[in-house]
Asks: 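First the structure, which I've put down as structure tokens, then a few questions once you've had a look.
On a predicted model such as this, the values are computed, not experimentally measured, just so you know.
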Amino acid sequence: MISISQLSPKKRAFLTGTILLTGTGFACRVLGFFYRIFLSRTIGAEGLGVYNMVHPIFGICFALCAGSIQTALSQYIASHIARGRSIFRTGMVISMTMSFVLAFLICRHAQFLAAMVLMEPRCAPYLPVMGISVPFAAFHACINGYYYGMQKSHVPAFSQVAEQVVRMTVVFFIAGSWLQSGQTITVMLAAYGHLIGEASSALFTLICLYLFPPQKKDIAAGFLAPGTAAPLMSLALPLMGNRLVLNLLSGAEAIWIPSRLQMSGLKSDQAFAVYGVLTGMALPFILFPSAITNSLAVLLLPSVAKDQAEGRKGSIAASMSLSLRYSLYMGILCIGIFTLFGENLGTSVFHDPDAGRFIRILAWLCPFLYLATTMGSILNGLGKTRTTFLQNTASLLLRIGFVLFGIPWFGIMAYLWGMLISEILLSLLHLWSLKKMIAFTWNAWDMIVKPSLLLMVSIGIFYFTDGLYPFFGSLPIFFETAMEILFLCFCYGGLLLVFHFTRRGRDQLARCLKHSIEKSR
């Protein structure tokens with residue numbers, strides 16, 4: 001077996017970066033679960049629904065001044081490492097200027113945005129708090145883009161943990177102070193938590209930038225890199241436009257879901273409660289394993305961009321095959337986990353049976369969601385941002401069609417169907433586009449049939465051994481469910497490893513026999 005030390009520096013950096021981002025991603029998801037459990041029990045499902053209504057405004061601002069520039073910085077610095085520091089400063093100036101303008105507009109026109117855009121006047125008090133967080137998010141995103149472009153992911157990874165820890169600590173302190181003073185806990189607590197998290201991550205990355213700079217020398221003279229603003233923005237503007245349109249569509253979807261639920265027969269508070277259960281309780285469980293695919297996606301973009309700049313198509317094809325394989329492995333496992341244990345997770349964590357029902361239905365989303373994430377990142381790394389934009393737009397429009405025309409007749413189930421069908425479409429479109437560009441290895445038996453069969457065997461082992469453990473029945477349901485999930489994962493992962501190394505051994509034996517026969521001749 002090849003050890004990490006024997007890998008090339010590029011592969012070693014990619015692997016260790018993925019492991020680091022995945023580990024910290026899982027830590028953040030675990031902390032985030034405790035935070036969401038706390039919010040669900042303090043502001044309730046309806047409060048979660050109202051809070052999630054505010055996020056489209058922040059998402060649009062982030063797309064304009066932060067997310068697109070972070071991606072552009074990551075891609076451009078990866079191709080021009082020698083001038084990385086000056087390129088980063090150029091991107092920072094552009095991003096921060098835009099973020100302050102957007103923050104001012106949100107604070108100035110909060111009432112108008114709540115009433116006319118979000119169509120929910122209750123959101124008005126929370127918009128200024130979200131607006132103030134925009135410059136912090138932009139600052140944090142630019143520094144992350146610098147580190148990702150330099151193939152160094154330790155600071156972005158640990159900034160996620162710092163953000164969650166500080167947010168939870170301060171929010172718990174504020175909630176305790178409000179309760180002691182007799183003040184009612186409202187959605188404002190969640191808004192303050194968002195601002196605190198963004199500010200803490202910005203401060204953490206700023207300190208790390210001075211203590212652990214990703215680059216010691218820069219060949220560019222002066223504070224900014226001359227002649228880099230135009231090419232940097234030529235990368236960022238298409239991403240900016242793409243993300244803006246996608247966030248506008250996502251925002252429209254979020255705004256229309258509660259109103260369409262009311263058309264299906266629910267009252268206003270019931271509609272927001274259902275929306276809060278879906279977005280604040282069920283979806284976080286489905287997205288929990290995506291810490292792995294998100295880590296892959298973040299690191300794949302600069303890695304693929306660098307491979308393309310150096311003309312290494314073989315390396316790109318290998319990255320695609322690896323991402324495809326493990327996205328499917330993980331997605332198939334998650335189908336088994338969430339269909340078997342979804343109801344127990346929803347009722348034990350959030351005390352809401354609807355959350356468990358939604359988790360079981362959304363389980364089938366996992367393979368396609370993880371595939372779309374990694375394949376979309378590879379397309380962006382290859383410079384096909386227009387392709388990903390058009391395909392994401394088609395997927396979102398399909399989902400919005402289910403919202404507009406399906407929810408009034410079939411309720412929230414229509415939206416769940418729309419999510420599944422749209423993700424299937426998106427992942428297939430991404431794969432089709434990549435297949436036309438790069439000849440990567442694809443084996444349906446090895447990537448779909450085999451893990452599906454091994455999952456069924458693992459479930460059989462789980463049911464066969466069920467009830468053999470004496471401590472079951474004496475622990476809380478959540479801990480018992482968590483232990484059952486870990487046992488299923490252990491069986492599935494163990495079987496995958498056994499079959500993988502058995503196949504490698506068989507192939508090595510065949511090669512040895514062939515070599516011996518040829519030598520004897």
Side-chain angles (χ1 to χ4, degrees), residues 35 39 42-43 46-70 91-144 159 163 166-167 170-171 173-175 177-178 183-206 236 240-241 243-256 258 272 276 279-280:
Y35 184 65
L39 288 181
T42 51
I43 65 176
E46 183 183 357
L48 280 175
V50 174
Y51 171 63
N52 288 329
M53 285 282 289
V54 184
H55 276 280
I57 298 295
F58 176 80
I60 290 170
C61 294
F62 190 85
L64 285 172
C65 68
S68 55
I69 295 180
Q70 173 183 317
M92 177 70 79
V93 170
I94 297 170
S95 178
M96 294 307 296
T97 302
M98 296 173 64
S99 69
F100 280 115
V101 172
L102 292 169
F104 171 77
L105 293 175
I106 292 175
C107 295
R108 183 72 179 271
H109 303 288
Q111 295 288 342
F112 171 81
L113 291 171
M116 304 306 295
V117 178
L118 299 178
M119 296 188 289
E120 181 51 60
R122 287 183 291 174
C123 294
Y126 318 121
L127 282 172
V129 181
M130 303 294 280
I132 296 171
S133 69
V134 172
F136 293 111
F139 188 85
H140 175 220
C142 288
I143 296 177
N144 282 354
S159 71
E163 177 181 346
V166 174
R167 174 191 286 133
V170 177
V171 166
F173 176 78
I174 293 173
S177 300
W178 284 2
Q183 187 175 346
T184 304
I185 296 179
T186 65
V187 183
M188 186 61 76
L189 179 67
Y192 285 152
H194 179 86
L195 173 59
I196 291 163
E198 295 296 343
S200 60
S201 60
L203 178 62
F204 178 85
T205 51
L206 176 62
M240 198 178 294
R243 295 192 181 196
L244 177 61
V245 173
L246 294 176
N247 275 277
L248 286 171
L249 291 174
S250 298
E253 178 187 65
I255 293 166
W256 284 330
F272 276 101
T279 58

Asks: So, taking the atom named CD1 in I106 and the one named OG in S133, what distance separates them when rounded to the nearest 0.5 Å?
Replies: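 Answer rounded to 0.5 Å: 7.5 Å.
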Asks: Tell me every residue that passes salt bridge (Lys or Arg N to Asp or Glu O under 4.0 Å) with R243, counting only those two or more places apart in sequence or in another chain.
Replies: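 Here no residue qualifies.
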Asks: Which residues satisfy the ring pair (Phe, Tyr, Trp, His ring centres under 6.0 Å) test with Y126, sequence neighbours excluded?
Replies: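 Once residues adjacent in sequence are excluded, Y126 has no partner under the ring pair (Phe, Tyr, Trp, His ring centres under 6.0 Å) criterion.
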Asks: Within the structure provided, determine whether M188 and P125 are in side-chain contact (heavy-atom separation under 4.5 Å).
Replies: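 SC-SC contact between M188 and P125 confirmed.
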Asks: Where is the tightest heavy-atom contact between V117 and I255, given as atom of each residue plus distance?
Replies: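 The answer is O-CD1, 3.1 Å.
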Asks: Closest approach of P135 and I132, non-hydrogen atoms and distance?
Replies: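 Heavy-atom minimum between the residues: CD-O, 3.2 Å.
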Asks: Taking all non-hydrogen atoms of both residues into account, name the closest pair between A103 and G131 and its distance.
Replies: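 Minimum heavy-atom contact is CB-O, 3.2 Å.
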Asks: Distance from N52 atom CG to T279 atom OG1, nearest 0.5 Å?
Replies: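 OG1 of T279 is found 3.5 Å from CG of N52.
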Asks: Between atom CZ of F58 and atom CG of N247, what is the distance when rounded to the nearest 0.5 Å?
Replies: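 One finds 10.0 Å between CZ of F58 and CG of N247.
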Asks: What I'd like to find out is whether the side chain of V171 reaches to under 4.5 Å of the side chain of Y192, using heavy atoms alone.
Replies: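 The answer is no, as the side chains (C-beta and beyond) never meet within the 4.5 Å cut-off.
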Asks: Heavy-atom distance under 4.5 Å between the side chains of I196 and I174, does that happen here?
Replies: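 Contact flag for I196/I174 side chains = yes.
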Asks: What's the separation between atom SG in C65 and atom CD1 in I60, rounded to the nearest 0.5 Å?
Replies: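 Going from the SG atom of C65 to the CD1 atom of I60 covers 12.0 Å.
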Asks: For the CG atom of L127 and the CE atom of M53, what is their distance to the nearest 0.5 Å?
Replies: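 The CE atom of M53 is 10.5 Å from CG of L127, to the nearest 0.5 Å.
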Asks: Please report the closest heavy-atom contact between M240 and L64, naming both atoms and the distance.
Replies: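 Taking every non-hydrogen atom into account, CE-O, 3.1 Å.
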Asks: Below 4.5 Å, heavy atoms only, C-beta onward: do L48 and I43 meet side chain to side chain?
Replies: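 Yes, close enough: below the 4.5 Å cut-off.
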Asks: Please report the shortest heavy-atom distance between N144 and S159, naming the atom on each side.
Replies: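 Result for this residue pair: OD1-OG, 4.2 Å.
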Asks: Nearest 0.5 angstrom please: W178 CH2 to T186 OG1, how far?
Replies: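 OG1 of T186 is found 5.0 Å from CH2 of W178.
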Asks: Would you say L203 and F136 make side-chain contact, with heavy atoms under 4.5 Å?
Replies: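 L203 vs F136: side chains apart.
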Asks: Does some side-chain heavy atom of E198 sit less than 4.5 Å from a side-chain heavy atom of V134?
Replies: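 No - every pair of side-chain heavy atoms lies 4.5 Å or more apart.
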Asks: List the atom of E163, the atom of G197, and the distance in Å for their closest heavy-atom pair.
Replies: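 Between these two residues, the closest heavy atoms are CG-O, 3.1 Å.
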Asks: Would you say the side chain of F204 lies within less than 4.5 Å of the side chain of H140, judging by non-hydrogen atoms?
Replies: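 SC-SC contact between H140 and F204 ruled out.
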